[in-house]
Amino acid sequence: MEQIDLNQVLTYIVVLTLACFGGLVDFVNDLKEKQEKYSARFIFFSLFARLLSAGFAGLLMLWILQANAENGVVILSGWSAFSIAISGYLGDQAIKLFVAIWDAIYNRGGK
């Protein structure tokens, strides 16, 4: 049986926390900006969806950073932490951006 690398688990926890914090900030800003009355059920579902997309965008950014790093090791400080938090803040917009980049890189080569 393989040993679980504690540093890797801690890295994923920090990445998800950073990304979800960015998603939470975006959610609070949206809620404050709209100033409409929503049911608690709608607010919690929207928050859950925003945190889910923010966490996924943060993981995608981590994997992009790992692909460009030496030996796949990303040190979570400075630029990498900023990138992960911003991608979490952007959430589904970041995912659409990642897809556009992917299409631009891989579809051009196939044409």
Side-chain angles (χ1 to χ4, degrees):
M1 196 161 114
E2 235 179 276
Q3 288 283 344
I4 297 175
D5 185 12
L6 189 58
N7 287 331
Q8 191 173 12
V9 171
L10 187 59
T11 298
Y12 279 100
I13 290 171
V14 169
V15 164
L16 287 174
T17 302
L18 276 172
C20 288
F21 185 71
L24 180 64
V25 169
D26 184 39
F27 178 77
V28 169
N29 284 341
D30 267 359
L31 205 59
K32 192 170 88 172
E33 194 174 279
K34 291 179 182 174
Q35 294 182 351
E36 295 178 20
K37 297 286 183 184
Y38 294 111
S39 68
R41 186 177 193 180
F42 178 81
I43 290 173
F44 286 124
F45 179 75
S46 297
L47 177 61
F48 176 74
R50 187 76 54 99
L51 292 177
L52 191 65
S53 67
F56 182 63
L59 283 177
L60 287 177
M61 180 56 77
L62 173 68
W63 293 331
I64 289 171
L65 292 171
Q66 283 177 338
N68 292 324
E70 283 186 35
N71 302 325
V73 176
V74 175
I75 298 171
L76 290 176
S77 64
W79 176 250
S80 61
F82 174 77
S83 300
I84 291 167
I86 291 298
S87 66
Y89 177 80
L90 292 173
D92 58 346
Q93 294 173 357
I95 295 169
K96 290 176 188 174
L97 178 65
F98 296 148
V99 169
I101 291 169
W102 180 274
D103 284 342
I105 292 172
Y106 290 103
N107 285 343
R108 262 186 214 178
K111 289 184 180 179

Got F27 and L51 here, is their nearest side-chain heavy-atom distance under 4.5 Å?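 In short, these two side chains do not touch, never coming nearer than 4.5 Å.
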Search all heavy atoms of [X] against all heavy atoms of [Y] and return the closest pair with its distance.
X: L16; Y: L59; value: CD2-CG, 3.9 Å
X: G58; Y: V15; value: O-CG1, 3.7 Å
X: A54; Y: A19; value: O-CB, 3.2 Å

Residues that D30 engages under salt bridge (charged side-chain N to carboxylate O under 4.0 Å, His left out), provided they are two or more places apart: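 Once residues adjacent in sequence are excluded, the partners of D30 under the salt bridge (charged side-chain N to carboxylate O under 4.0 Å, His left out) criterion are R50.
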Any chance you could measure E33, atom CD, to D26, atom CG, to the nearest 0.5 Å?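 Rounded to the nearest 0.5 Å, the CD-CG separation comes to 9.5 Å.
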Between OG of S80 and CD of Q66, what distance do you get to the nearest 0.5 Å?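 Going from the OG atom of S80 to the CD atom of Q66 covers 10.5 Å.
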For residues [X] and [Y]: do they belong to one hydrophobic cluster (side chain heavy atoms under 4.5 Å, members Ile, Leu, Val, Met, Phe, Trp, Tyr)?
X: L47; Y: F56; result: no
X: V28; Y: L31; result: yes
X: L24; Y: L52; result: no
X: L62; Y: V14; result: yes

Per the side chain to side chain donor-acceptor pair (under 3.5 Å) rule, what does the pair list look like for residues 5-24, sequence neighbours excluded?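 Found Y12-W63.
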Under the ring-ring contact (aromatic ring centres under 6.0 Å, His included) test, residues paired with F82 that sit two or more places apart: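 Scan of F82 (ring-ring contact (aromatic ring centres under 6.0 Å, His included), adjacent residues dropped) gives W79.
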Please collect all ring-ring contact (aromatic ring centres under 6.0 Å, His included) contacts where either partner lies in residues 29-54, sequence neighbours excluded, each pair once.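 Only Y38-F42 qualify under ring-ring contact (aromatic ring centres under 6.0 Å, His included).
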Show every donor-acceptor pair shorter than 3.5 Å between a side-chain atom in residues 86-102 and any protein atom, with sequence neighbours excluded, or say none if there are none.
| residue | atom | partner | partner atom | Å |
| --- | --- | --- | --- | --- |
| S87 | OG | S83 | O | 3.2 |
| S87 | OG | I84 | O | 2.8 |

